[in-house]
K.L.:
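This is the structure I have questions about; it appears just below.
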2 protein chains.
Amino acid sequence: MTQIRVLIVEDEPLIAEDIKEILSSIDFVVSGLAYDALDALRELRTNTPDIVMLDINLSSEKDGIDIATIINQEYQIPFVFLTSYADRATLSRAKHTRPMGYIVKPFDEKDLFATLEIALFNFYASQPLVELNLDQVNSRYDINLTQKEFEVLQSVMTGMTNRQMAEKHFISVNTIKTHLKNLYEKLDVHTRSQLIAKLRDGA
Amino acid sequence: MTQIRVLIVEDEPLIAEDIKEILSSIDFVVSGLAYDALDALRELRTNTPDIVMLDINLSSEKDGIDIATIINQEYQIPFVFLTSYADRATLSRAKHTRPMGYIVKPFDEKDLFATLEIALFNFYASQPLVELNLDQVNSRYDINLTQKEFEVLQSVMTGMTNRQMAEKHFISVNTIKTHLKNLYEKLDVHTRSQLIAKLRDGA
DNA sequence: GCACGAATCACCCGGTAGGGTGATATTTGT
DNA sequence: ACAAATATCACCCTACCGGGTGATTCGTGC
């Protein structure tokens with residue numbers, strides 16, 4: 001599996017090195033080390049990572065939460081906060097940047113790994129549309145969709161209207177409706193929403 | 001502020017007592033101690049806590065992840081996992097229960113406090129969580145769904161009609177339509193099918 | 001040749017959904 | 001205390017959708 005590139009933003013060189021070592025020992029690779037906000041922004045610009053670990057308390061005018069805000073605005077990559085303690089106000093600020101996770105110091109390898117895995121998993125949960133396979137659908141629901149019904153099914157799954165499907169498939173809206181009626185019957189649903197909901201986990 | 005009631009599910013009495021002592025020294029109060037899944041379920045039923053700390057490895061047939069599943073189904077209260085180590089498969093199972101945090105042993109007072117604070121904050125910011133996680137959706141699409149909009153979103157994802165949703169949520173069809181209109185606008189779609197299609201991979 | 005499934009299309013009807021506008025009470029944040 | 005966000009509901013109107021019925025064409029296979 002591809003190695004995941006992590007940018008570490010941490011002003012304590014010792015901790016930063018610790019993290020780097022831990023990450024190297026597992027599935028991740030450190031794309032960069034930043035000791036302050038300026039470093040961090042340059043790294044983001046020139047060497048974009050897959051995920052960012054942000055220490056909240058940095059010894060610069062901008063802290064980790066400020067960087068998080070910028071990440072949200074400029075880049076859309078996941079980040080986790082790395083902190084030993086945060087008061088209510090700080091926590092509230094941090095929360096509003098919608099981080100994908102928190103890592104509380106001190107932490108160990110398993111802690112780091114779990115948090116990053118979860119953060120990435122949640123962030124990339126939206127995968128490209130999975131192509132449904134006719135045979136799989138047929139066998140899973142023990143039905144027998146025809147070729148055309150399956151094509152219409154795939155179109156409906158993307159959220160198209162009847163008219164859009166008619167144009168895409170070069171047939172009339174009435175024909176689309178007929179195929180849909182057959183689909184509803186075969187899959188035992190009554191609306192296109194139910195259809196999508198029923199098949200949304202893929203086949 | 002009101003003290004927060006914590007249920008501890010931990011089969012090692014020594015560790016459980018440790019946690020109890022730490023919690024007592026900070027803002028939390030231990031509402032109960034459970035040594036296995038049966039204890040835990042009884043505590044949940046009779047003495048409902050504000051948050052649950054779940055050891056994953058329990059010396060009973062059901063482990064912490066099983067309990068988490070039940071909490072998601074029956075109660076909608078936040079929980080954090082408490083574990084020293086988890087392999088990939090276990091982590092994957094745990095992840096899917098959408099815990100509000102992880103505490104990795106060994107831990108200290110600050111560690112506990114920060115994790116519980118964060119868990120509670122995140123939870124009450126995204127209550128109730130059922131299949132989808134509001135924060136996740138909000139951050140992925142860089143929007144700001146309200147609580148009610150999110151609840152309607154979850155219902156729509158299951159294929160319900162407006163009338164069905166109105167009955168479920170005890171509000172009028174008109175209100176459902178208002179929330180849907182806002183959802184469409186925020187998520188930049190025009191039909192419920194598009195909505196489901198856009199969010200179908202789990203969000 | 002004929003039966004059968006598949007694909008095509010038409011028409012009607014009632015219900016649902018989507019879009020616009022406006023209004024009020026409650027909650028929340030500052 | 002005040003402003004903003006949220007949750008609630010109403011009305012109107014058009015378009016779309018789901019369900020029912022029926023019909024034609026075209027292959028494939030027996």
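A note on names: the letters A, B, ... follow the listed sequences, proteins ahead of strands, and every chain is numbered from 1. Note: hydrogens, waters and symmetry copies are ignored here, and every other heavy atom, side chains too, is used.
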K.L.:
Side chain of A:Lys181: nearest nucleotide among D:dG20, C:dC12, D:dC9?
P.N.:
D:dG20
K.L.:
Which listed nucleotide (C:dA7, C:dG18, C:dC9) is nearest to the side chain of A:Asn174?
P.N.:
C:dC9
K.L.:
Is any side-chain N or O of B:His190 closer than 4.0 Å to OP1 or OP2 of C:dA17?
P.N.:
no
K.L.:
Counting any heavy atom closer than 4.0 Å, what does B:Asn162 reach on the DNA or RNA strands: base, sugar-phosphate only, or nothing?
P.N.:
sugar-phosphate
K.L.:
Between C:dA7 and A:Thr146, is there an OP1 or OP2 to side-chain N/O distance shorter than 4.0 Å?
P.N.:
yes
K.L.:
What's the CD-P distance between A:Glu149 and C:dT8, to the nearest Å?
P.N.:
11 Å
K.L.:
Among side-chain atoms of A:Thr175 and A:Ser172, is any donor-acceptor pair under 3.5 angstrom?
P.N.:
yes
K.L.:
My understanding is that only one of B:Gln164, B:His179, B:His169 makes a side chain to side chain donor-acceptor pair (under 3.5 Å) with B:Ser155; could you say which?
P.N.:
B:His169
K.L.:
Rounding to a whole Å, what distance do you find between A:His169:NE2 and C:dC9:P?
P.N.:
13 Å
K.L.:
Please name the residue in the list B:Leu41, B:Asp55, B:Val52 that meets the side-chain contact (heavy atoms from CB on, under 4.5 Å) test with B:Val9.
P.N.:
B:Val52
K.L.:
Could you tell me the separation between the CG atom of B:Asp188 and the P atom of C:dG18, rounded to a whole number of Å?
P.N.:
15 Å
K.L.:
Would you sort out whether A:Arg42 and A:Asn47 count as a side chain to side chain donor-acceptor pair (under 3.5 Å), showing the intermediate values?
P.N.:
CA-CA 8 Å; A:Arg42 190 183 51 249; A:Asn47 197 12; over 6 Å; no
K.L.:
Could you tell me how far apart B:Phe170 (CZ) and D:dA7 (P) are, to the nearest whole angstrom?
P.N.:
17 Å
K.L.:
So if I take every side-chain heavy atom of A:His179 and compare against D:dG18, C:dG19, C:dT8, which nucleotide ends up nearest?
P.N.:
C:dT8
K.L.:
Using a cut-off of less than 4.0 Å, is there contact between a side-chain N or O of A:Tyr184 and OP1 or OP2 of D:dG18?
P.N.:
yes
K.L.:
Tell me: CZ of A:Arg192 to P of C:dT16, nearest whole Å?
P.N.:
16 Å
K.L.:
For the pair made of CE in A:Met165 and P in D:dC16, what is the distance, rounded to whole Å?
P.N.:
12 Å
K.L.:
Kindly say if A:Lys177 contacts the phosphate of D:dG18, meaning a side-chain N or O under 4.0 Å from OP1 or OP2.
P.N.:
no
K.L.:
Over all strands shown, is A:Thr175 touching base, sugar-phosphate only, or nothing at heavy-atom distances under 4.0 angstrom?
P.N.:
base
K.L.:
Quickly work out the A:Lys148 NZ to C:dG5 C1' distance and round it to whole Å.
P.N.:
16 Å
K.L.:
Between B:Asn162 and B:Arg192, is there a side-chain donor-acceptor contact under 3.5 Å, judged purely by atom types and distance?
P.N.:
yes
K.L.:
C:dT28 P sits how many Å from B:Asn144 CG, rounded?
P.N.:
15 Å
K.L.:
Tell me whether the side-chain N or O atoms of B:Thr178 pair up with the base of D:dC9 as donor and acceptor below 3.5 Å, since no angle test is needed here.
P.N.:
yes
